[in-house]
Student: 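Structure incoming, see below.
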Amino acid sequence: MTEQAQAEDRSTLAELLQGHPPMARELPGFATDRLPANPAELFGAWLTGAFAAGVLDPQVVTLSTVDTDGCPDARVLVLRGIDVPGAGWVFAADADSPKGRQLAVRPKAAITVYWPLLGRQIRVRGLVETASPEESALDFLDRSPWSRAAALVGHQSEPLTSLEVYENAAREARRRLEADSKTITPGHTVYTLRASEVEFWQGDATRRHVRVHYSRNEVGATSGAWARTLLWP
Ligand SMILES: Cc1cc2nc3c(=O)[nH]c(=O)nc-3n(C[C@H](O)[C@H](O)[C@H](O)COP(=O)(O)O)c2cc1C
């Protein structure tokens, strides 16, 4: 590509980005005078509202972890549950995946969601607890055959030499499941992000965003009363 073509490409992309301001639509309000004491309860209400409003896959969230060099890493995954009394965000992953290994060394994480249709962002930070092998096995057996077969293949995030190699491994995983439907992937692990901080962010087309921050009394606390404050946008 010539330098001129590269410059044209850059300016077309800049026009594309600048021509699409985010949240330029009518968005819901955020009544901050009637908030629950527990942020997980508010998360549940917002999640229920997101499904009702037709947000696509509102249960898919970004999980951020940190590697051994202190470098952040992030990927999306599916929320498996919310422990409202304990303010826990539950998800499942393979302990042998990069995120699983990062959590084994540094059991701290953040979860972020953004629901464009509603202009809502939620940020959660805290310590991550690992469920017992028995609990994780039960979660695994509760999954669809497709999901179990996919997990059984293993090697997540390792380099793959060809799609054919993957197809063969997937066929073998399906065969193992057919032979014994109780087969489990030992690495399958349920994790709970026990929140110590949660922020609810309601966007506004005119940039009068409303933010509410919850925190527990102590940094990294996994129990105790929640304090709540508004934040400057
Ligand atoms: C919609 C969607 C849902 C996903 N759900 C999960 C999930 O629940 N658990 C999981 O481990 N990976 C899930 N993934 C894959 C992850 O984004 C990621 O590619 C994979 O876990 C490897 O991440 P890692 O290399 O950081 O460990 C999902 C991806 C997408 C696009």
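All values reported here derive from a predicted model rather than from experimental measurement.
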Student: Within the structure provided, determine whether Pro85 and Asp83 are in side-chain contact (heavy-atom separation under 4.5 Å).
Tutor: yes
Student: Under 4.5 Å between any side-chain heavy atoms of Val190 and Val90, yes or no?
Tutor: yes
Student: Find the distance between CG (Leu63) and CG (Leu193) and round it off to the nearest 0.5 Å.
Tutor: 7.5 Å
Student: Any side-chain heavy-atom pair from Arg75 and Thr65 closer than 4.5 angstrom?
Tutor: yes
Student: Any link between Phe30 and Leu230 through a network of hydrophobic side chains (Ile, Leu, Val, Met, Phe, Trp, Tyr) touching at under 4.5 Å?
Tutor: yes
Student: Check Pro21 against Gln18 and note the closest heavy-atom contact, atom names and distance.
Tutor: CD-O, 4.1 Å
Student: Closest approach of Pro116 and Arg25, non-hydrogen atoms and distance?
Tutor: O-NH2, 2.8 Å
Student: Answer yes or no: is there a donor N or O on one side and an acceptor on the other, between the side chain of Asp57 and the main chain of Gln59, under 3.5 Å?
Tutor: no
Student: Taking only residues at least two apart or on different chains, which pairs with a member in residues 80-129 satisfy ring-ring contact (aromatic ring centres under 6.0 Å, His included)?
Tutor: Phe43-Trp89, Phe91-Tyr191
Student: Taking Thr189 for the side chain and Gly187 for the main chain, is one N or O donor matched with an acceptor at less than 3.5 Å?
Tutor: yes
Student: How about Ser157 and Pro98: do any of their side-chain heavy atoms sit closer than 4.5 Å?
Tutor: yes
Student: Look only at the side chain of His188 and the backbone of Ile184, and say whether a donor-acceptor pair between them is shorter than 3.5 Å.
Tutor: no
Student: Nearest 0.5 Å, what's the CD-OG distance between Glu167 and Ser162?
Tutor: 9.5 Å
Student: State plainly whether one hydrophobic cluster holds both Val60 and Leu77, where clusters connect Ile, Leu, Val, Met, Phe, Trp and Tyr through side-chain heavy atoms under 4.5 angstrom apart.
Tutor: no
Student: Is there a continuous path of hydrophobic side-chain contacts, each under 4.5 Å between heavy atoms, that joins Val66 to Val128?
Tutor: no
Student: In chain order, what residues pass the ring-ring contact (aromatic ring centres under 6.0 Å, His included) check against Phe200, with sequence neighbours excluded?
Tutor: Trp46, Tyr214
Student: Between Asp67 and Arg106, does at least one N-O distance fall below 4.0 Å, as a salt bridge requires?
Tutor: no
Student: Has the side chain of Ser136 got a donor or acceptor atom that lies under 3.5 Å from a matching backbone atom of Ser132?
Tutor: yes
Student: Examine distances only and state if a side-chain atom of Thr48 and a backbone atom of Gly44 form a donor-acceptor pair shorter than 3.5 Å.
Tutor: yes
Student: Is there a side-chain contact between Val113 and Thr62 (heavy atoms, below 4.5 Å)?
Tutor: no
Student: Among Glu199, Gln202, Gln121, which residue meets the side chain to side chain donor-acceptor pair (under 3.5 Å) test with Arg211?
Tutor: Glu199
Student: For Leu16, does the CG atom sit with more than 12 other heavy atoms under 6.0 Å from it, leaving out its own atoms?
Tutor: yes
Student: State the CG-CG distance between Leu47 and Leu79, to the nearest 0.5 angstrom.
Tutor: 7.5 Å
Student: Using every non-hydrogen atom in the two residues, find where Arg120 and Gly29 come nearest and quote the distance to one decimal.
Tutor: NH2-O, 3.2 Å
Student: Looking only at heavy atoms, what is the nearest atom pair of Leu141 and Ser181, with distance?
Tutor: CD2-O, 4.0 Å
Student: Should Leu152 and Arg176 be marked as a side-chain contact (heavy atoms from CB on, under 4.5 Å) after you check the CA-CA gap, both sets of side-chain angles, and the distance that decides it?
Tutor: CA-CA 9 Å; Leu152 264 180; Arg176 282 179 62 200; 3.9 Å; yes
Student: In this structure, are over 12 heavy atoms from other groups packed under 6.0 Å from Leu13 atom CG?
Tutor: yes
Student: Arg216 side chain to Ala195 main-chain N or O, any donor-acceptor pair under 3.5 Å?
Tutor: yes
Student: Say whether Met23 and Val212 are linked into one hydrophobic cluster, either directly or through other cluster members, by side-chain heavy-atom distances under 4.5 angstrom.
Tutor: no
Student: What's the separation between atom CG in Leu42 and atom CZ in Arg34, rounded to the nearest 0.5 Å?
Tutor: 12.0 Å
Student: Tell me, yes or no, whether the heavy-atom count around Arg208 atom CZ, taken from other residues, nucleotides or ligands under 6.0 Å, exceeds 12.
Tutor: no
Student: Check whether any side-chain heavy atom of Asp142 lies under 4.5 Å from a side-chain heavy atom of Phe140, and answer yes or no.
Tutor: no
Student: Verify the neighbour count for atom CD of Gln6: are there more than 12 heavy atoms of other residues, nucleotides or ligands below 6.0 Å?
Tutor: yes
Student: Does any part of the side chain of Ile122, heavy atoms only, come nearer than 4.5 Å to the side chain of Val124, both counted from C-beta?
Tutor: yes
Student: Is it the case that Gln156 and Asp96 place a side-chain donor and acceptor less than 3.5 Å from each other?
Tutor: no
Student: Do you know the tightest heavy-atom contact between Gly88 and Thr192?
Tutor: CA-CG2, 3.6 Å
Student: More than 12 non-hydrogen atoms from neighbouring residues, nucleotides or ligands closer than 6.0 Å to CD on Glu164, yes or no?
Tutor: no
Student: Applying salt bridge (charged side-chain N to carboxylate O under 4.0 Å, His left out), run through Arg80 and Asp139 and close with a yes or a no.
Tutor: CA-CA 9 Å; Arg80 295 287 288 165; Asp139 177 81; 2.9 Å; yes
Student: Does the pair Val165 and Leu160 meet the rule for a side-chain contact (heavy atoms from CB on, under 4.5 Å), with working shown?
Tutor: CA-CA 8 Å; Val165 170; Leu160 173 66; 4.1 Å; yes
Student: Quick one: CG on Asp94 to CZ on Arg101, what's the gap to the nearest 0.5 Å?
Tutor: 9.0 Å
Student: side-chain contact (heavy atoms from CB on, under 4.5 Å) for Thr112 and Val61? Distances and angles first, verdict last.
Tutor: CA-CA 6 Å; Thr112 323; Val61 302; over 6 Å; no
Student: Where do Thr32 and Val210 land on the side-chain contact (heavy atoms from CB on, under 4.5 Å) test, with the steps shown first?
Tutor: CA-CA 9 Å; Thr32 58; Val210 179; 3.6 Å; yes
Student: Please tell me if the side chains of Trp201 and His209 come closer than 4.5 Å, counting only heavy atoms from C-beta onward.
Tutor: yes
Student: For the pair Arg194 (side chain) and Gly86 (backbone), establish whether a donor and an acceptor sit closer than 3.5 Å, ignoring hydrogens and angles.
Tutor: yes
Student: So, Thr185 and Arg148: side-chain donor and acceptor under 3.5 Å apart, yes or no?
Tutor: no
Student: Within the distance-only criterion (no hydrogens, no angle test), does the side chain of Arg207 pair as donor or acceptor with the backbone N or O of Ala205 below 3.5 angstrom?
Tutor: yes
Student: Can you tell me how far apart CG (Asn168) and CZ (Arg171) are? Round to the nearest 0.5 Å.
Tutor: 5.0 Å
Student: Using a strict threshold of under 4.0 Å (side-chain N to carboxylate O), is an ion pair present between Arg175 and Glu178?
Tutor: no
